[in-house]
Asker: 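Next up is a structure, given as structure tokens.
The chains referred to below are lettered A, B, ... by the order of the sequence lines, with proteins before strands, and numbering in each begins at 1. Only a predicted model underlies this, so the values are computations on that prediction, with no experimental measurement involved.
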2 protein chains.
Amino acid sequence: MSDLTTQQRPTRQRSALLEALANCHDFISAQDLHARMTAEGTRIGLTTVYRGLRDLEAADAVDVIQASAGERLYRWRPGDSHRHYLICRACGSSRPVDSEVVEEWAGRIASDSGFAAVEHTVELTGVCAGCQPATE
Amino acid sequence: MSDLTTQQRPTRQRSALLEALANCHDFISAQDLHARMTAEGTRIGLTTVYRGLRDLEAADAVDVIQASAGERLYRWRPGDSHRHYLICRACGSSRPVDSEVVEEWAGRIASDSGFAAVEHTVELTGVCAGCQPATE
DNA sequence: CTTGTTGCAAATTCTTTGCATGACA
DNA sequence: TGTCATGCAAAGAATTTGCAACAAG
């Protein structure tokens, strides 16, 4: 179960899911991803999308953020590079941010507090340049 | 609406909600808070609890974190002091953490990126000393 | 009396699960 | 042929809204 060598068949749906996600450079919800794939002609069930995303999350291949009402947004993570993003509240676009400082800080908190297995979630939101009202 | 002087009647339920929340020194869900109040003899509707918490959130009187499945947890914020916490995944207890470093970092990201109105969410979770297995 | 508040029930939204069919090795 | 994956439909969970009765000023 925790074994990465667990057999996993490369199916049409799984490939399509990976491709769709890789082509999407912003965070997207399972529902939206399914809708987009369907619109593009890929026949795939919503359940399969959810399952695929869950697997990718378990494999640490995607970054995940919590949207408002329990909705989760996923974003493909190329390599092991980024984990934290700055997201535009208006258009939804996201850009990775350098979070070294925060990583360090989290590590320090962990050792100072006596807590074990400390994990952190950091979400930055704002309004990107393109979405800001022209009004001064 | 954004006016703090907006009339708001001090009702029995609202006072009870505030008191229950102030007496609870950890994060708690709307459902649990309602259950606890009911168990203590306070007659209040679940809807009213949700509405009260929503108002408190809007007034910045509580800190909010996202639990797993779209569940939101609330914690009374005395004064304007703390905003970030380290939460035990095992027992749910929380302790405020010094987040000055993160505040600064977030501010720098904001100015560097060209984003406006940048807000940040930071959640730290771990296993507190009391919940760690005696093993080792 | 007038207006905001309450609370039950129904509706919404996102996500997960049961189970029979279908595909890959 | 034997598994694992798929996907429909139903279940589950948390939160929000409609609306009539109620309480405060």
Asker: Does D:dT6 have its OP1 or OP2 closer than 4.0 Å to a side-chain nitrogen or oxygen of A:R14?
Answerer: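 Result: yes.
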Asker: Compare side-chain N and O positions of A:Y50 against OP1 and OP2 of C:dT15 and report whether any pair is under 4.0 Å apart.
Answerer: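 Checking C:dT15 against A:Y50, a side-chain N or O does come within under 4.0 Å of OP1 or OP2.
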Asker: How many Å lie between CD on B:Q66 and C1' on D:dA14, as a whole number?
Answerer: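 Value for this atom pair: 11 Å.
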Asker: Please tell me if the side chains of B:L21 and B:L53 come closer than 4.5 Å, counting only heavy atoms from C-beta onward.
Answerer: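 Contact flag for B:L21/B:L53 side chains = yes.
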Asker: Report the distance from atom CG of B:D32 to atom P of D:dA13, rounded to the nearest whole Å.
Answerer: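 Between P of D:dA13 and CG of B:D32: 14 Å.
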Asker: Report yes if the side chains of B:Q31 and B:Y50 come closer than 4.5 Å at any heavy-atom pair, otherwise no.
Answerer: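 They are in contact (side-chain heavy atoms under 4.5 Å apart), so the answer is yes.
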Asker: Can you tell me which nucleotide in C:dC14, C:dT17, D:dT15 comes closest to the side chain of A:E71?
Answerer: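 Between C:dC14, C:dT17, D:dT15, the one nearest the side chain of A:E71 would be C:dC14.
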Asker: In whole angstroms, how far is the C1' atom of D:dA14 from the CZ atom of B:F27?
Answerer: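 Roughly 18 Å, once rounded to whole Å.
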Asker: How many whole angstroms separate atom CG of B:L18 from atom P of C:dT5?
Answerer: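 Whole-Å distance recorded here is 14 Å.
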Asker: Is there any protein nitrogen or oxygen under 3.5 Å from a nitrogen or oxygen in nucleotides 7-9 of chain D, and what are the pairs?
Answerer:
from	atom 1	to	atom 2	distance (Å)
D:dG7	OP1	A:Q13	NE2	3.0
D:dG7	OP2	A:G45	N	2.8
D:dG7	OP2	A:T48	OG1	2.7
D:dG7	N7	A:R51	NH2	2.4
D:dG7	O6	A:R51	NH1	3.4
D:dG7	O6	A:R51	NH2	3.0
D:dC8	N4	A:T47	OG1	3.2

Asker: Should B:D63 and B:R75 count as an ion pair when the cut-off is N to O under 4.0 Å?
Answerer: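 The answer is no: the pair does not qualify as a salt bridge.
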Asker: Can you measure B:Q31 atom CD to D:dA14 atom C1' for me and round it to whole angstrom units?
Answerer: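 Rounded to whole Å, this separation is 6 Å.
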Asker: Kindly indicate whether the side chain of B:W76, heavy atoms from C-beta on, has any atom under 4.5 Å from the side chain of B:N23.
Answerer: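 Side chain of B:W76 against side chain of B:N23, heavy atoms only: no contact under 4.5 Å found.
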Asker: Separation of A:E57 atom CD from C:dT16 atom C1', in whole Å?
Answerer: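 These atoms are roughly 14 Å apart.
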Asker: So which residues get pulled into B:V97's cluster when ILVMFWY side chains under 4.5 Å apart are joined, directly or through others?
Answerer: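 So far as hydrophobic clustering goes, B:V97 is joined with A:L86, A:V97, A:V101, A:V102, A:W105, A:I109, A:F115, A:V118, A:V122, A:L124, B:L86, B:V101, B:V102, B:W105, B:I109, B:F115, B:V118, B:V122, B:L124.
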Asker: When you measure from the side-chain N and O atoms of A:R54 to the phosphate of D:dA5, is any distance below 4.0 Å, counting only OP1 and OP2?
Answerer: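 No.
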Asker: Roughly how many Å is it from NE2 in B:H34 to P in D:dT16, rounded to a whole number?
Answerer: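 Computing the B:H34:NE2 to D:dT16:P distance gives 15 Å.
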Asker: Set out, in order, the CA-CA distance, both residues' side-chain angles and the distance that settles ring pair (Phe, Tyr, Trp, His ring centres under 6.0 Å) for A:H84 and A:H120, then state yes or no.
Answerer: CA-CA 10 Å; A:H84 301 303; A:H120 63 277; 5.1 Å; yes
Asker: Could you give the distance from OG (A:S94) to CG (A:D26), rounded to the nearest 0.5 Å?
Answerer: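 A:S94 atom OG to A:D26 atom CG measures 4.0 Å (nearest 0.5 Å).
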Asker: When the distance from CG of B:L53 to P of D:dA14 is rounded to whole Å, what number comes out?
Answerer: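 So the CG-P distance, B:L53 to D:dA14, works out to 15 Å.
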